[in-house]
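Chain A is the first sequence line, chain B the second, and so forth, proteins listed ahead of strands; every chain is numbered from 1. Computed over heavy atoms, backbone and side chain alike; hydrogens, waters and symmetry mates excluded. Since the structure is predicted, the reported quantities are computational estimates derived from the model, not experimental observations.
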There are 2 protein chains.
Amino acid sequence: MHSKTLIEIVKNRREMLQVTQEMLAELSGVGLRTLKQFESGKGNPTLETLNKLADALGLELTFKIKELL
Amino acid sequence: MHSKTLIEIVKNRREMLQVTQEMLAELSGVGLRTLKQFESGKGNPTLETLNKLADALGLELTFKIKELL
DNA sequence: ACATTAAGTGCTTTATATTGCACTATTGTA
DNA sequence: TACAATAGTGCAATATAAAGCACTTAATGT
């Protein structure tokens with residue numbers, strides 16, 4: 001069982017909440033272009049960007065101990 | 001109980017492992033200057049940088065559901 | 001107190017993230 | 001199939017992260 005990527009988590013969460021990229025961009029204060037790039041795997045967002053998205057989605061960015069597979 | 005910041009986690013983990021900033025920079029492939037800025041709270045690192053640090057520290061960057069306090 | 005090691009900072013260059021705009025591609029649905 | 005909504009992309013401007021260097025400050029041990 002490997003953990004989902006940050007991208008998957010954001011996408012899933014967003015869809016679960018029935019929010020479009022446009023709405024999430026609006027809500028989070030992240031540029032639509034930036035969000036699109038991130039979700040399509042093209043991005044290398046800054047911590048600030050990730051935190052804005054997390055906030056808007058009711059999530060929190062953390063480190064967890066990596067399980068030695 | 002509020003969760004520790006990413007900075008705290010990195011610092012604590014690094015110190016627990018008895019690794020200096022210089023060593024961690026070396027091990028992770030992140031520039032020393034970048035690590036210093038991050039740990040001193042001045043930085044806004046990219047996801048790539050955070051992942052490099054996480055890898056070197058045996059950590060994994062994730063989102064968790066935020067607890068409504 | 002002193003020496004040593006580690007951490008933090010000012011300055012600079014280069015690389016790249018962010019953003020908007022206009023456009024294309026995909027997806028779902030009537 | 002045709003339409004509408006949503007997602008993805010090329011281009012360009014601006015802002016800023018990454019990095020090294022030299023230096024200062026703080027912490028640690030003898």
S.K.: Rounded to the Å, how far apart are A:Leu32 CG and C:dA17 P?
M.R.: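 Interatomic distance, CG of A:Leu32 to P of C:dA17: 18 Å.
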S.K.: Give the cluster check for A:Val30 versus A:Leu17: same hydrophobic cluster or not, with ILVMFWY residues linked at side-chain heavy-atom distances below 4.5 Å.
M.R.: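 Yes, one cluster joins them.
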S.K.: Could you pick out which residue, A:Gly29 or B:Arg14, lies toward the 5' side of DNA chain C when each is mapped onto its nearest nucleotide?
M.R.: B:Arg14
S.K.: Please determine whether any donor N or O and acceptor N or O are separated by less than 3.5 Å between the side chain of B:Arg33 and the base of C:dG8.
M.R.: no
S.K.: Just N and O in the side chain of A:Gln37: are any of them under 4.0 Å from OP1 or OP2 of C:dA17?
M.R.: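 No, no such contact exists.
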S.K.: Check the phosphate of C:dT16 against B:Thr46, side-chain N and O only, distance under 4.0 Å to OP1 or OP2. Yes or no?
M.R.: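 Looking at the OP1 and OP2 atoms of C:dT16, neither is under 4.0 Å from any side-chain N or O of B:Thr46.
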S.K.: Same hydrophobic cluster for B:Val19 and B:Leu35, using side-chain heavy-atom links shorter than 4.5 Å among ILVMFWY?
M.R.: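 Shared cluster, yes.
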S.K.: Could you check how far CD of B:Glu26 sits from P of C:dA7, rounded to whole Å?
M.R.: 14 Å
S.K.: Can a side chain N or O of B:Lys42 be found less than 4.0 Å away from OP1 or OP2 on C:dG8?
M.R.: no
S.K.: Out of D:dA17, C:dT18, D:dA19, which has the shortest distance to the side chain of A:Pro45?
M.R.: C:dT18
S.K.: Round to the nearest Å and state the distance from A:Leu35 atom CG to D:dT6 atom C1'.
M.R.: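 From A:Leu35 CG to D:dT6 C1': 12 Å.
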S.K.: Can you find a side chain N or O atom of B:Ser40 that sits less than 4.0 Å from OP1 or OP2 on C:dA7?
M.R.: no
S.K.: May I ask you to verify if any side-chain N or O of A:Thr49 is less than 4.0 angstrom from the OP1 or OP2 atom of C:dT18?
M.R.: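 For C:dT18, OP1/OP2 do have a side-chain N/O of A:Thr49 under 4.0 Å.
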S.K.: Round to the nearest Å and state the distance from A:Leu50 atom CG to D:dA17 atom C1'.
M.R.: 14 Å
S.K.: Please report the distance, rounded to the nearest Å, between CD in A:Gln21 and P in C:dT24.
M.R.: 19 Å
S.K.: Between A:Lys42 and A:Gln37, is there a side-chain donor-acceptor contact under 3.5 Å, judged purely by atom types and distance?
M.R.: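 Side-chain D/A pair, A:Gln37 to A:Lys42: absent.
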S.K.: Could you give the CD-to-C1' distance, from B:Glu22 to C:dT5, as a whole number of Å?
M.R.: 10 Å
S.K.: Grab the CG-P distance between B:Leu24 and C:dG8 for me, whole Å please.
M.R.: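 For the pair B:Leu24 CG and C:dG8 P, the rounded distance is 13 Å.
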S.K.: Any donor and acceptor pair, going by atom type alone, linking the side chain of B:Ser40 with main-chain N or O of B:Lys36 inside 3.5 Å?
M.R.: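 The answer is yes, because a donor-acceptor pair under 3.5 Å joins these two groups.
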S.K.: Can you tell me the distance, in whole Å, between the CG atom of A:Leu47 and the P atom of C:dT18?
M.R.: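 About 11 Å, once rounded to whole Å.
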S.K.: Is the shortest side-chain N/O distance from A:Thr34 to OP1 or OP2 of C:dT19 below 4.0 Å?
M.R.: yes
S.K.: Counting only heavy atoms from other residues, nucleotides and ligands, does the tally under 6.0 Å from CD of B:Gln18 exceed 12?
M.R.: no
